[in-house]
Number of protein chains: 2
Amino acid sequence: MQGFERFSSDFVRQYGLTHAQFDIIATLGNTCGMPYKELGQKTLITKGTLTGVIERLEQKGLVRRERCPHDKRSYSVRLSVEGEQVFHDVFPKLTRQGQQLFEGYTEDDFVRLENSLAGLKQAIANGHS
Amino acid sequence: MQGFERFSSDFVRQYGLTHAQFDIIATLGNTCGMPYKELGQKTLITKGTLTGVIERLEQKGLVRRERCPHDKRSYSVRLSVEGEQVFHDVFPKLTRQGQQLFEGYTEDDFVRLENSLAGLKQAIANGHS
DNA sequence: TATTGTTATACTCTATAACTATA
DNA sequence: TATAGTTATAGAGTATAACAATA
């Protein structure tokens, strides 16, 4: 875990993004936007912190905010065109970078790993709730 | 990964420790101390940051510093008696907490998971260097 | 001259609580 | 009254670079 954490966060930082910012972009990718509340629930970032993180992403032009027509207290946050570019640019690279890790893996290795991790993930999610 | 990260960091925070501080204690556990430089290499914390982290751990009385007799520029950082208590108190609990995640696992499940993860770990370490 | 650790700077994240504006 | 987001506050980690003491 620590190994991959370092591996990926070095990579992300090269794009001038922090872990939290990357988390937001990842969460917003392939969606049509969502309010702060939902974003906070998905990323586990509290609302006070979220204001700052979104602000910095907005300054970088990666994210846009629109007042929600139905509830004027709320915003809809979504990726800008540039934000989507980053999303579609960084993720495949990160994935590809990740792929190099698995050079020696056979199809069978993948299946075994995937099954193991799926079980582990579920166990963590259950123990966690 | 994210699931376990949250799981364990919630737990660690209950002891009033941050991730970085926990990392130091974990690294210092079962050793007779080491200088800042080595500590920084093992935890990937840069020296400037390390000064602050160690300082806070020293204020909490979990860590002690002694000038190295051989090289007067250098300190030897080691766990205090209380620091060792924390180490021996928190780690088994974290492990036990972790064990609950694996309630439904059979011996075979463990073997499979262990093999998969060992391979993954090595792949990450290699891709990482 | 090179290295160990310190200090200074500037930024980001973090939690928490008081606040505003809507609902 | 309750909720969505803001602001204020205080603390912690991060990188970087200039610095002092020692090697």
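The model shown is predicted, which means the values in this text are computed figures rather than measured ones. Below, all heavy atoms of this structure are taken into account, side chains as well, without hydrogens, waters or symmetry copies.
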**OP:** Any chance you could lay out the side chain to side chain contact (heavy atoms under 4.5 Å, CB included) test for A/E82 and A/K60, step after step, and finish with the verdict?
**Re:** CA-CA 9 Å; A/E82 285 155 332; A/K60 290 179 186 169; over 6 Å; no
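Near DNA chain C, meaning a heavy atom under 4.0 Å away, the residues from residues 63-72 of chain A are A/H70, A/D71, A/K72.
Interatomic distance, CG of B/D89 versus CD of B/E84, reported as 13.0 Å (0.5 Å rounding).
Between the C1' atom of C/dT12 and the CD atom of A/Q59 lies a distance of 12 Å, rounded to the nearest Å. One atom, CE of B/M34, and another, P of C/dG5, lie 12 Å apart when rounded to the nearest Å. Remark: C1' of D/dA4 and CD of A/Q41 are 12 Å apart, rounded to the nearest angstrom. One atom, CG of B/L39, and another, P of C/dT4, lie 14 Å apart when rounded to the nearest Å. When the C1' atom of C/dC13 is taken as reference, atom CZ of A/R13 falls 13 Å away, rounded to whole Å. In this entry the distance linking CZ of A/R73 with P of C/dT22 reads 10 Å, nearest Å. Rounded to an integer number of Å, the gap from NZ of B/K47 to C1' of D/dA21 is 13 Å. Separating the CG atom of B/L50 from the P atom of C/dT6 is a distance of 9 Å, rounded to the nearest angstrom.
Between A/E58 and A/V63, the closest heavy-atom pair is CG-O, 3.6 Å. Closest non-hydrogen pair, A/V77 versus A/Y36, comes out as CG2-CE1, 3.6 Å. A/S74 and A/P35 get closest at one heavy-atom pair: OG-CB, 3.6 Å. For the pair B/T31 and B/T27, the tightest heavy-atom approach, listed with the atom from each and the gap, is CG2-O, 3.6 Å.
B/T18 comes within 4.0 angstrom of the backbone, heavy atoms only, and of no base. When heavy atoms are screened at a 4.0 angstrom cut-off, A/K37 is found touching the sugar-phosphate backbone but no base atom.
Mapping B/T46 and A/Y75 onto DNA chain D by nearest heavy atom places A/Y75 closer to the 5' end of the strand. Map A/S74 and B/K60 each onto its nearest nucleotide of DNA chain D; the residue landing nearer the 5' end is A/S74. Along DNA chain C, the nucleotide nearest A/Q21 and the nucleotide nearest A/G48 are compared for position; the residue whose nucleotide lies closer to the 5' end is A/Q21.
By the 4.5 Å heavy-atom criterion applied to side chains, B/I54 and B/Y75 are not counted as neighbours.
Between B/T51 and C/dT6 there is a side-chain polar atom (N or O) within less than 4.0 angstrom of OP1 or OP2. The phosphate of D/dT6 has OP1 or OP2 within less than 4.0 Å of a side-chain N or O from A/Y36.
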